[in-house]
There are 2 protein chains.
Amino acid sequence: MAGVAPITVSRAINRPELVTKDTLEHVREVIARSGYVPNLLAGGLASKRSRLVAAIVPTIGNSIFAEAVECLTDRLGEAGYKVLLGLSGYPASREDELLATVLSRRPDAVFLTGITHSPESRQRLLAAKIPVVETWDLTPTPIDMLVGFSHEKVGRAVANYLIDKGYRHLGLVWASDERAAIRRRGFEDAAAERGVTDIKVAILPAPGNLKLGREGLAKLLDEAGDLDAVFCSSDALAQGVLTEAQARGLAVPGDLAIMGFGDLEFAPYTYPSLSTVRIDRRAIGLLSAEAMLARFGDRPFEKIVDIGFEIVERAST
Amino acid sequence: MAGVAPITVSRAINRPELVTKDTLEHVREVIARSGYVPNLLAGGLASKRSRLVAAIVPTIGNSIFAEAVECLTDRLGEAGYKVLLGLSGYPASREDELLATVLSRRPDAVFLTGITHSPESRQRLLAAKIPVVETWDLTPTPIDMLVGFSHEKVGRAVANYLIDKGYRHLGLVWASDERAAIRRRGFEDAAAERGVTDIKVAILPAPGNLKLGREGLAKLLDEAGDLDAVFCSSDALAQGVLTEAQARGLAVPGDLAIMGFGDLEFAPYTYPSLSTVRIDRRAIGLLSAEAMLARFGDRPFEKIVDIGFEIVERAST
DNA sequence: CTCCGGTATGGCAGCGCTATCAATCGATCA
DNA sequence: TGATCGATTGATAGCGCTGCCATACCGGAG
């Protein structure tokens, strides 16, 4: 130590406005010279704020979650928080265990994917008394806060869109994912209301990818026969469907219209470009971060944020 | 507390083999009943082991790093370690700052992308006296440990492969990334040795994506004219090049051969399927985790692991 | 010249755990 | 029978910070 009490150093680092300019400069100079690295574990223990936020997502191999996590990490990083990564897998089988081990790190907040959590997990999260942001879905009864959109409305909107465009023989190439299942229900309900009922479905394991998309369309065409439009539960699957259509010499959208979900980066640039549903993935990460930061600062924040969605019409429909 | 000393509970949790069966069961039962969650911050402070590993990657939006991080996280998770995520951006401009803030969390090890780090960062890492694994590249002088492959050899191998196939008018669609630059040098050197010198290059910002790939090929064709093969610095770019070729009515590989890098999940399923260079991304994460775990357990581990690469010939060349 | 209030700094205690060493106990052995 | 040993449990003392309160100091008011 160089001249002052430890607590003054602590203040120089964390609340510089409480320290005289001269002292501050001197302390900073000594820190720089000595290569002192504060121990945030100790600080966290003493102040009961770890400045850690846990993010639990199924996977980051699929860029749909990766981007949200990136935004979350960036925004929280600006405010001095670091993200603890938890990968729960598909289905979220390891969520409970993950949550238990992650909570023992005393995160200051938790970012969750989806709204379905075991009673034990809910219990644990409530007991932790920290901000919890559930994402990617809507429910009137979140654990704490929520940033998402209505999958049912997405399904309904796409059904109506395709039927409005004149398509009647509809197929779904679909990952067996919980939130996708809600979109499917919305899609089928809305189609039924318009008198379109015989919807073919190929169910594939989550997460979807190009390969599974090709297989999905192959299955659908081989088993179901005549289709004029296929809605896919993700853009990755849609890209596979597009590829399979190409490989089979089907004109898109002439012989087969294709619709994706997510509006991933590549969607505007496939050939033909992919019609899809735009979800502002970055907003999910960003707004979640803002929600947490608001709560850390005792500022109010909406409990439920519906980020909505948008149908993006391109060349594939 | 229920009946025993705190230290006995600590042992029951961390070193159950030191505790009698009866005591162990009793403690576990009380833990389950009371909902006790150990505080690993306090434990980390006392034991000087945080059971945290910092992973610093440019981005996880691009699945090339995401998968390595996923494997790292999974393997370390099995051993009770959690991953702190640090995103340094392209170029790795924030690496220094990130490293400083991350080290104050006292991670037990650090996973780094690449081998180029500022002197201050090297200094800080050495001062931290923890295992450091650099990845995605090779150097004879790593900070500590290394899991990677030779980008120069990749470049050379692809040049020789394309020239062996009879292609002579070569183009590069290339992201301005440090490691990609080494591949390019290898490629150009090997091509020059074979007498092929006039290599057209379109340089694009990192990270590459489908859109940039389309733009890259457009630029190359508009400016350079006749090309018979294009090597791309990533599969994402290659997919864009493929798309642009399709949009322009070029036959692949008849009019233009296309080669990617990375062997991403979609590469075998594009139409035509994409020839590329396979990198075992998962091995990078996994071996890095193993290297760290070995060091935690004082077991020996190779300092430098070359995971190699493999040229994957598919339909696009 | 004292008193007051505000600002800057320091002392003390403790966050919740674990390393270390000590204590206890029954079993074994000479 | 007493000494010895290994196995199990406990007491003590911090880990490196920060919350809380006390103290010192200063300028201005009375």
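If you measure from atom CZ of A:Arg51 to atom P of D:dG16, you get 21 Å, rounded to the nearest angstrom. In this structure, CD1 of A:Ile13 is placed 15 Å from P of C:dT9, rounded to the nearest angstrom. The CZ atom of B:Arg106 sits 8 Å away from the P atom of D:dG16 (whole-angstrom rounding). Residue A:Leu45 contributes atom CG, which lies 12 Å from atom P of C:dT18 at whole-angstrom precision. Regarding B:Leu24, its CG atom lies at a distance of 17 Å from the P atom of D:dA7, rounded to whole Å. Rounding to whole angstrom units, CG of residue B:Leu18 and P of D:dT9 are separated by 10 Å. Separating the CG atom of B:Asn14 from the C1' atom of C:dG16 is a distance of 13 Å, rounded to the nearest angstrom.
Salt bridge A:Glu120/A:Arg124: absent, no basic N to carboxylate O contact under 4.0 Å. Using a 4.0 Å cut-off between charged side-chain N and carboxylate O, A:Arg94 and B:Asp74 make a salt bridge.
Between A:Phe65 and A:Trp136, the ring-plane angle classifies as perpendicular under the 30° and 60° cut-offs.
Of the candidate nucleotides D:dT9, C:dA19, C:dC17, D:dT9 has the atom nearest to the side chain of B:Val19. Candidate nucleotides D:dC17, C:dG11, D:dT9 were compared by shortest atom distance to the side chain of B:Thr23, and D:dT9 ranks first. Taking every side-chain heavy atom of A:Tyr36 into account, D:dC17 is the closest of C:dC15, D:dC17, D:dT18. Counting only heavy atoms from C-beta on, A:Ile7 has its side chain closest to D:dT18 among C:dT18, D:dC15, D:dT18. When each of D:dG16, D:dT18, D:dG14 is scored by its nearest atom to the side-chain atoms of A:Asn39, the top-ranked nucleotide is D:dG16.
Taking both residues in full, the closest heavy atoms of B:Arg75 and B:Ala289 are given as CG-CB, 3.5 Å, listed atom of the first, atom of the second, then distance. The two atoms that bring B:Leu72 and B:Ser288 nearest to each other are CD1-CB, 3.9 Å, heavy atoms only.
Place B:Arg15 and B:Leu41 on DNA chain C by their nearest nucleotides, and B:Leu41 ends up nearer the 5' end. When the nearest nucleotides of DNA chain D are assigned to A:Ala42 and A:Arg49 by heavy-atom distance, the more 5′-ward of the two goes with A:Ala42.
One finds no side-chain N or O of A:Thr20 lying less than 4.0 angstrom from the OP1 or OP2 phosphate oxygen of C:dT7. The side chain of A:Lys48 places an N or O atom within less than 4.0 Å of a non-bridging phosphate oxygen (OP1 or OP2) of C:dG16. For A:Thr8 and C:dG10, the shortest distance from a side-chain N or O to OP1 or OP2 is below 4.0 Å.
For C:dG10, its base sits under 3.5 Å from the side chain of A:Arg11 at one donor and acceptor pair at least.
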